[in-house]
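Excluded from the calculations below are hydrogen atoms, water molecules and symmetry mates; all remaining heavy atoms, backbone and side chain alike, are included. Since we're looking at a predicted model, the values are computed, not measured. Per chain, numbering begins at 1; letters A, B, ... match sequence-line order.
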Amino acid sequence: MPELPEVETTKRGVQPHIQQQRITALVVRQAKLRWPVSPELQSLVGETILTVRRRAKYLLIDTAKGSIMVHLGMSGSLRVIEQGEPPGFHDHVDLELGKIALRYTDPRRFGCWLFVAPNASHELLSKLGPEPLEEDFQREPFAAALRATKRPIKQAIMDNKIVVGVGNIYANEALFMAKISPVRAASRVSVKRLNALYDAIRIVLAEAIEQGGTTLKDFVGSDGQPGYFKQSLHVYGRGGLDCTVCKQALKEIRLGGRSTVYCPNCQR
DNA sequence: AAAGACACCTGGGAGC
DNA sequence: TGCTCCCAGGTGTCTT
């Protein structure tokens with residue numbers, strides 16, 4: 001999936017096309033996603049899309065009568081299409097907006113389309129930590145949270161309660177940039193290095209957004225164009241290849257079931 | 001209470 | 001060619 005930069009890229013790509021448009025229909029071809037597509041979403045037909053927001057990896061499409069909360073899961077994507085384009089096998093939902101539609105494609109169906117009542121939040125959003133690129137992400141609480149756990153640092157920074165939006169790709173990349181071994185207990189990383197990690201997370205995510213996200217097997221941006229960040233990846237997907245800094249072989253291991261790549265020489 | 005395992009799905013690639 | 005197995009961007013929920 002989509003990690004945070006891909007979701008942000010999707011938001012930016014879709015927003016100018018769908019904002020201020022009136023919802024003319026919601027077509028659900030496959031309701032069985034991670035949770036069933038909320039039936040209440042039908043009540044939004046006739047409403048106008050006021051804003052499009054992102055919280056962590058969720059997209060929120062707001063109307064006066066409530067919001068649509070979309071998650072792309074591992075393999076989801078959204079794009080704007082001309083009305084009438086025939087759906088493919090994995091095109092599960094269309095949000096029709098007159099002449100155009102917002103089409104949701106998701107082969108693995110780990111995503112969701114949920115209803116959020118007006119002026120309310122959703123329980124899924126209530127436990128989330130700070131946004132890495134916003135003001136509420138601060139050095140000291142971040143460092144304190146990491147010093148308080150003995151989990152491997154990589155798993156700790158992928159924990160949504162500590163900071164949202166750091167998925168497997170960018171966790172690998174941020175740790176490389178900060179020169180921290182992914183397997184090191186978070187509690188045993190110096191404050192100086194935690195500061196470097198704080199900066200690295202923000203830099204890596206911001207750069208990926210600038211480049212339109214990382215193109216993976218089945219990710220394309222909302223305009224159908226690929227992201228270019230893959231060209232900038234230093235470790236993810238490069239196990240066994242040379243470290244871009246010291247030229248030694250990158251090591252690939254599994255951590256919490258997730259592929260983890262690092263340079264044993266540069267990262268300690 | 002924290003942390004690890006499991007679950008949800010499909011498709012693609014490796015290996016036999 | 002075709003079968004089986006493993007792996008993939010996430011994350012809530014159940015089990016220790």
Which nucleotide sits closest to the side chain of [X]: [options]?
X	options	value
Arg108(A)	dA3(B), dG10(C), dT10(B)	dT10(B)
Asn160(A)	dG10(C), dG11(B), dT11(C)	dT11(C)
Gln155(A)	dA8(C), dG11(B), dG4(B)	dG4(B)
Arg254(A)	dG10(C), dT10(B), dA8(C)	dA8(C)

Under 4.0 Å between a side-chain N/O of [X] and OP1 or OP2 of [N], yes or no?
X	N	result
Tyr58(A)	dG12(C)	yes
Lys150(A)	dA2(B)	no
Ser259(A)	dC7(C)	no
His90(A)	dG11(B)	yes
Ser75(A)	dG11(B)	no

*5'-most contact on DNA chain C: Arg34(A) or Glu252(A), nearest heavy atom basis?*
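Between the two, 5'-proximity favours Glu252(A).
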Nearest-Å distance for atom pair [atom1]/[atom2], residues [X] and [N]:
X	N	atom1	atom2	value
Arg258(A)	dG10(C)	CZ	C1'	6 Å
Leu125(A)	dG10(C)	CG	C1'	15 Å
Glu3(A)	dT11(C)	CD	C1'	13 Å
Arg151(A)	dA2(B)	CZ	P	10 Å
Asp106(A)	dC9(B)	CG	C1'	9 Å
Ile157(A)	dG10(C)	CD1	P	12 Å
Asn168(A)	dC7(C)	CG	P	13 Å
His71(A)	dC8(B)	NE2	P	19 Å

*Report yes if some heavy atom in the side chain of Leu250(A) is under 4.5 Å from a heavy atom in the side chain of Tyr262(A); otherwise report no.*
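They are not in contact (no side-chain heavy atoms under 4.5 Å apart), so the answer is no.
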*Any side-chain heavy atom of Phe176(A) sitting closer than 4.5 Å to one from Cys263(A)?*
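Yes. Closest side-chain heavy atoms under 4.5 Å.
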*Pick out which of Lys154(A), Arg193(A), Arg184(A) makes a side chain to side chain contact (heavy atoms under 4.5 Å, CB included) with Leu175(A).*
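Answer to the side chain to side chain contact (heavy atoms under 4.5 Å, CB included) test with Leu175(A) among Lys154(A), Arg193(A), Arg184(A): Lys154(A).
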*Euclidean distance for P, dC9(B) against dC3(C) (whole angstrom)*: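 Between the two P atoms, the distance is 24 Å.
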_Just to be sure I understand the rule, does Leu33(A) reach a base, reach only the sugar-phosphate, or reach nothing, if contact means heavy atoms closer than 4.0 Å?_
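Contact class for Leu33(A): none.
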*Going by atom types alone, do Lys65(A) and Ser43(A) pair a side-chain donor with an acceptor below 3.5 Å?*
no
*asked:* Hydrogens and angles aside, do Glu207(A) and Ser232(A) bring a side-chain donor and acceptor to less than 3.5 Å of each other?
replied: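 No pair is found: no donor N or O on one side chain lies under 3.5 Å from an acceptor on the other.
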*Polar side-chain contact Arg109(A)-dC9(B) base: donor and acceptor under 3.5 Å*: no
*Is there a Watson-Crick or G-U wobble partner for dC9(B) with both distances under 3.5 Å, and which nucleotide is it?*
none
*Ring centroid separation for Tyr170(A) and Tyr236(A), is it under 6.0 angstrom?*
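Aromatic pair excluded; centres sit 6.0 Å or further apart.
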_Ring-on-base stacking dC8(B) with Phe110(A) (under 5.5 Å, under 30°)_ =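 Yes; by the centre-distance and plane-angle rule, Phe110(A) counts as stacking on dC8(B).
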